[in-house]
A.B. asks: 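The following block contains the structure, expressed as structure tokens.
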Amino acid sequence: MPENKRTASGALGGIVGLVGLSAVAGLLVTAAVTPAIAVSGAAASSAITVFDNMPSYLKPDELMQPTTLMAGDRVLAKFYDQNRSPVTFDQVSPVMYDAILSSEDPRYYQHGGVDLIGTTRALLSNASGGETQGGSSISQQYVKNVLVQRCERDAKAVEATETTAAVSRDEALQKCALEAVQSDGAAGYQRKLQEMRYAIQLEKEYTKDQILLGYLNIANFGGTTYGIDAAARYYFDTPAANLSVGQAAVLAGMVQNPNRFRIDRESGSISDGETSWNKAPDGSIDDVDQSTIQALYTLRDNGEITQEQLVNAADGYSETKGRQLYVLSRMEIDGKITHEQYVAAAIEPITPKITPTDQGCASSAAPYFCQYVVSTILNSPAFGAETDDRVRALRQDGLTIQTTLDWNVQDAAQKTMSDNAPASMDQLKFGATAVSLEAKTGRLLAIAQNTKFTQDPSLAESDPSYNSIVFAGDSTNGGSIGFSAGSTFKLFTLVDWLEKGHSLNETLNGRLRPVPNMTNSCAGNWVNQGNYTINNFGNSGGYVGTPMMFTRDSLNTGYLAMAAELDLCDIAKVVKKMGVTTGDGKEITMANANEVIGSDNISPIAMAGAFATVANGGSRCPAKVIDKVTAADGSDRPIPDLQCETALTPEIAATAAYALQGVMTGNGTGAAANPGDGTPVLGKTGTHEAHETWMIESSTNTTTAVWVGNWDGGTTTLFGKYANRIQLSDLRYRLARDVQRAADDIYGGDRFPDPVSNLLRTQQRDLPNVVGQSIDNATSTLTAAGFRVTVGDPVDSPSGADTVAAQNPGGATAPAGSQITLSPGNGQGATVPNVGGQTVPAAQAALNAAGFTNVSIGGCQVDGNAPNEGRVTSTNPAADTATNKSTAIALSITAKKC
């Protein structure tokens, strides 16, 4: 275990280092820069002045650490510029301290921050014309790493201008490293002197153990692996506390040239026990390999190892083995290990167990949810005022970000997506997404998508099954501009209809006809100058009906009739207060009739939020993906401020929910997506021009939105195309049903509040009597009066089949929009004439003349005053009865003799 005692010689060394090296190094620097000054005798004093003008104190910054996205107790993804897991002093194996000190700074606990002997040797070497060399103490190396990290933390990508070339962030990071270790000439001496001054002052502020641990936590161990614990876990799949002698020597050997000595890629091998590995083109052996060979051969020649052990020892990692043997030899010389330990470690092959720490959303089990979170971080002021600040928060600040993802819902959503929606389809850019959120909070629970996530543009371009766009998101968060909402957008007209006091049971003409002109007090009225029509799904001719029916059947012409009685500007205001914009962030103005039925591009997350507002009693909760942010020191960080607010009154929300529940039951267009699990749900379907389809449904607690279509704006139809035996246009039902069922299993749902009775009222209207009119005229008359018409079976009547013989109901009034049944005549009807008081022969003649040929005597009473022919007292059927001419007529008579 390293010592922690600051000795008197160490303190003296600091003073000597400060004064002596100022003069010695100053002489060398001055001679290198201005030889004339050097020979003038002013060199030493000039150098000391330069040294004193340098900053004297360097406060180490917080270490760069990976930011971790969490979902519950599972890691969603990690992001880092430097993969690091800082540890305390006791969490590092003592042999690691011994290895690093023996190889890098054996006099560490004796000097005062600068090893005068090593530094002077390095400065003399540099003065002779070479690059700036080593000789740095652990304290100096720590200073260098702190400065490099500070440079990298502040590194920015630079856009190209007329006078400068574009610089990527990676290039900026590389420049930091190069400036720290490869400055030549005066700049190199200046850097070395500054390191010395900082190192001396550093040892006044921190203990030796603190500096040593700080160095091991900050040092690079190849690639993006930083810090001893991350290195131990990456290369050997073990924590730093459990490193063996051999493993510690490997890692200690890396710090001199981390990318050269890293062991996640092989660098050469011994094939025959001779010097046949890592030769230069001219056949020479480099110094490191030569030292390795010599050390191994010495052990073999001394009989301490076998030839086979020699061959196996460095197989695959010859250069690194050379560094390891150097470290082991220094440890043996310093008495940190025995000769037996040295031999055992020397003959043990370097056997890495590479355990990468994957980073980025591509490695996540929920990549599109992950990418939405990343977009949120990079666009939220909560993570910094500038973009660079937010990038640092994501990649350097070591935050722990607890997301809202629920793995139970996410896994169910992705499973049904993977089982049913192909990643690509021939002849169309096929896309599908399902999003689930918590209605009462706006917390996003899941985002599933049919494509495979990639951030490689070339892969996405060549293979349509890959994509980086989050279909559920918008242009800010996810890179999508949204999709035409279709009939799901009718929600906003429904809400405005109710807010204006209209009833769900009012009657409107929803028959197919030219689109009526519409008022827009904000953007100017819309006038159907082309006198064109907008068709219904399935080319339905529409009907006279109510908003309740139009919602259930998703009738375009019915909703256009509703909008014609409203102000499009007011509908646009409803859209805005329910938190919806276009996918690229523009406000929706409702400037034309097409927008009523959903021509605008909107993100599925935004549409889900609007329906959640209705399900949540009118309270709108913006979608959010972050529950908590914890800094590396354990303190809480601010999260994006997203508060719920009232958008609709409870009464309006309850009545809208009542109408939307009709979509999910019986013959409603969304019934196929009802989970049927006993949880009440509302919903709405949507189709845009046969190439985009939607299904949105919600319980009181969770909302699911599904979109399926052409993700690139293409117009290839989804109808008549199948995948996994499901028509693409029907895929939305399967996906929404499965996701909502999973959400219901976890979050449940309550009965929706009752609608407001005033918004369900019916109107009584005058009912025209159309008996005797032609069927067509009668239908027009009743439709114009606000009634629905059906034609029933013919009834007995003298009139023909094109004439109304009867209507039901009759009367003077009927509920507006109610159904009136018209019965045409069959031409076989007649009215029984009144033949009472006539003689029997006269009565028979009258009935025959009326068309009744089946006449008989039904009853007789004796009356002495009756005529001889008999007199009719009544008929059965009675007089004035309309009946079929074939009906038997029975006469009741009186006669003198029956």
Side-chain angles (χ1 to χ4, degrees), residues 72 404-413 415-416 434-448 472 488 491 494-495 548 551-552 578-579 604-625 627 644 646-666 668-686 694-706 732-756:
T404 60
L405 183 138
D406 185 317
W407 285 111
N408 293 309
V409 182
Q410 174 67 33
D411 291 345
K415 182 180 187 306
T416 188
V435 58
S436 182
L437 59 81
E438 196 171 31
K440 289 179 169 36
T441 63
R443 298 173 69 251
L444 278 172
L445 305 175
I447 297 176
T488 61
L491 169 68
L494 174 64
V495 168
M548 188 73 186
T551 304
R552 177 198 67 201
M578 293 182 74
I605 288 176
M607 288 304 300
F611 278 81
T613 300
V614 173
N616 190 32
S619 179
R620 182 181 76 85
C621 300
K624 65 178 183 178
V625 290
D627 278 337
C644 298
T646 299
L648 309 176
T649 66
E651 293 78 12
I652 296 298
T655 308
Y658 177 72
L660 294 168
Q661 287 176 78
V663 174
M664 304 301 294
T665 58
T669 56
N674 194 321
D677 55 10
T679 302
V681 289
L682 57 79
K684 188 71 192 70
T685 54
W694 293 72
M695 182 69 236
I696 305 178
E697 60 184 284
S698 182
S699 69
T700 56
N701 292 340
T702 55
T703 305
T704 298
V706 168
R732 52 182 164 164
Y733 303 123
R734 174 76 60 85
L735 298 177
R737 182 192 67 199
D738 291 350
V739 177
Q740 188 65 39
R741 180 180 292 146
D744 289 347
D745 286 345
I746 301 165
Y747 296 91
D750 303 318
R751 178 177 174 273
F752 288 100
D754 291 331
V756 178

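Everything quoted here is computed from the prediction, not taken from an experiment. These values consider heavy atoms only, across backbone and side chains, with no hydrogens, waters or symmetry-generated copies.
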A.B. asks: Just jot down the salt bridge (charged side-chain N to carboxylate O under 4.0 Å, His left out) partners of R443, sequence neighbours excluded, or say none.
C.D. replies: E438, D627
A.B. asks: For the backbone of W694 and the side chain of R732, can you confirm whether one donor and one acceptor N or O come within less than 3.5 Å of each other?
C.D. replies: yes
A.B. asks: For T669, give me all partners under side chain to side chain contact (heavy atoms under 4.5 Å, CB included), at least two apart in sequence or on another chain.
C.D. replies: S554, V663, T685
A.B. asks: Between D411 and K415, does a side chain to side chain contact (heavy atoms under 4.5 Å, CB included) hold up when you go through it step by step?
C.D. replies: CA-CA 6 Å; D411 291 345; K415 182 180 187 306; over 6 Å; no
A.B. asks: Can you measure from OG1 (T702) to CG (L445) and round to the nearest 0.5 angstrom?
C.D. replies: 7.5 Å
A.B. asks: Checking D754 now: which residues fulfil side chain to side chain donor-acceptor pair (under 3.5 Å) with it, not counting sequence neighbours?
C.D. replies: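 Residues passing side chain to side chain donor-acceptor pair (under 3.5 Å) with D754: R751.
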A.B. asks: Is it true that a side-chain atom of K440 and a backbone atom of T700 form a donor plus acceptor pair closer than 3.5 Å?
C.D. replies: yes
A.B. asks: Of all heavy-atom pairs between T416 and L735, which one has the smallest distance, and what is that distance?
C.D. replies: O-CD2, 3.6 Å
A.B. asks: Apply side chain to side chain contact (heavy atoms under 4.5 Å, CB included) to A673 and list each qualifying residue two or more places apart in sequence or on a separate chain.
C.D. replies: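 Only M664, M695, E697, Y733, A736 meet the side chain to side chain contact (heavy atoms under 4.5 Å, CB included) criterion with A673.
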A.B. asks: Check for a donor-acceptor pair, side chain of T613 on one end and backbone N or O of G609 on the other, with a separation under 3.5 Å.
C.D. replies: yes
A.B. asks: Should we count CZ of F752 as having more than 12 external heavy atoms under 6.0 Å?
C.D. replies: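 For F752, atom CZ is crowded (more than 12 foreign heavy atoms under 6.0 Å).
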A.B. asks: Looking only at heavy atoms, what is the nearest atom pair of D750 and P680, with distance?
C.D. replies: O-CG, 3.7 Å
A.B. asks: With sequence neighbours left out, what residues match T679 under side chain to side chain contact (heavy atoms under 4.5 Å, CB included)?
C.D. replies: D677, S699, D744
A.B. asks: Atom OG1 in T404, atom CG in L444: separation rounded to 0.5 Å?
C.D. replies: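 It comes to 5.5 Å.
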A.B. asks: Taking all atoms of both residues into account, what is the closest heavy-atom pair of A705 and A608, and its distance?
C.D. replies: CB-CB, 3.7 Å
A.B. asks: Using every non-hydrogen atom in the two residues, find where L648 and M578 come nearest and quote the distance to one decimal.
C.D. replies: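 Scanning both residues, the minimum pair turns out to be CD1-CE, 4.1 Å.
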A.B. asks: Only counting residues at least two apart or in another chain, list the ones meeting side chain to side chain contact (heavy atoms under 4.5 Å, CB included) with D745.
C.D. replies: R741
A.B. asks: How far does CG of L682 sit from CG of N674, to the nearest 0.5 angstrom?
C.D. replies: 10.5 Å
A.B. asks: Quick one: CE on M548 to CG on L494, what's the gap to the nearest 0.5 Å?
C.D. replies: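 Reported value, rounded in 0.5 Å steps: 9.5 Å.
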A.B. asks: Hey, are the side chains of T703 and N616 touching, using non-hydrogen atoms and a 4.5 Å cut-off?
C.D. replies: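 Not touching, per the 4.5 Å side-chain cut-off.
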A.B. asks: Rounded to the nearest 0.5 Å, how far apart are CG of L491 and CG of L660?
C.D. replies: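 Reported value, rounded in 0.5 Å steps: 6.0 Å.
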A.B. asks: For residues L437 and G442, report the shortest heavy-atom separation together with the two atoms involved.
C.D. replies: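 Between these two residues, the closest heavy atoms are CB-O, 4.5 Å.
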A.B. asks: Where do V409 and A743 come nearest, in terms of heavy atoms and distance?
C.D. replies: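 Closest heavy-atom pair between V409 and A743: CG2-CA, 4.2 Å.
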A.B. asks: Looking at N701 and Y747, would you say the former's side chain and the latter's main chain have a donor-acceptor pair under 3.5 Å?
C.D. replies: yes
